[in-house]
Amino acid sequence: MRALLLILGLVLLVGGLWVVFGHGSYTQTDTVFQLGSAKLTATHDKVIPPWLGISGIVVGALLTLGGLFSKR
């Protein structure tokens with residue numbers, strides 16, 4: 001259980017830092033127009049909200065500290 005808390009906490013902590021420092025984005029493809037088999041699509045880069053990164057940092061730090069200081 002202790003190792004699981006450490007690993008999960010570190011993953012959330014690193015992911016949160018990645019999002020907060022501006023590298024967190026994903027692409028989304030939308031169909032703008034479709035006529036028969038012809039299709040016009042648009043690809044947008046979406047940014048992951050910073051509050052999600054901050055919450056990842058907080059939860060990750062708590063899980064990591066919980067894993068470090070657990071008695072088992």
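Just so you know, these numbers come straight off a predicted model, no measurement behind them.
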Problem set entry | Partners passing side-chain contact (heavy atoms from CB on, under 4.5 Å) against T41 (at least two apart in sequence or in another chain) | T29, T31, K39

Problem set entry | side-chain contact (heavy atoms from CB on, under 4.5 Å) partners of A42, counting only residues at least two apart | V32, H44

Under 3.5 Å, sequence neighbours excluded: what are the donor-acceptor pairs made by side chains of residues 47-62?
{"from": "S55", "atom 1": "OG", "to": "W51", "atom 2": "O", "distance (Å)": "3.2"}
{"from": "S55", "atom 1": "OG", "to": "L52", "atom 2": "O", "distance (Å)": "2.9"}

Problem set entry | Nearest-0.5 Å distance, CG of residue D45 to CD of residue Q28 | 10.5 Å

For residues 4-20, which side-chain donor-acceptor pairs fall under 3.5 Å, sequence neighbours excluded?
none

Exercise. Partners of F33 by side-chain contact (heavy atoms from CB on, under 4.5 Å), sequence neighbours excluded?
Worked result: L35, L40

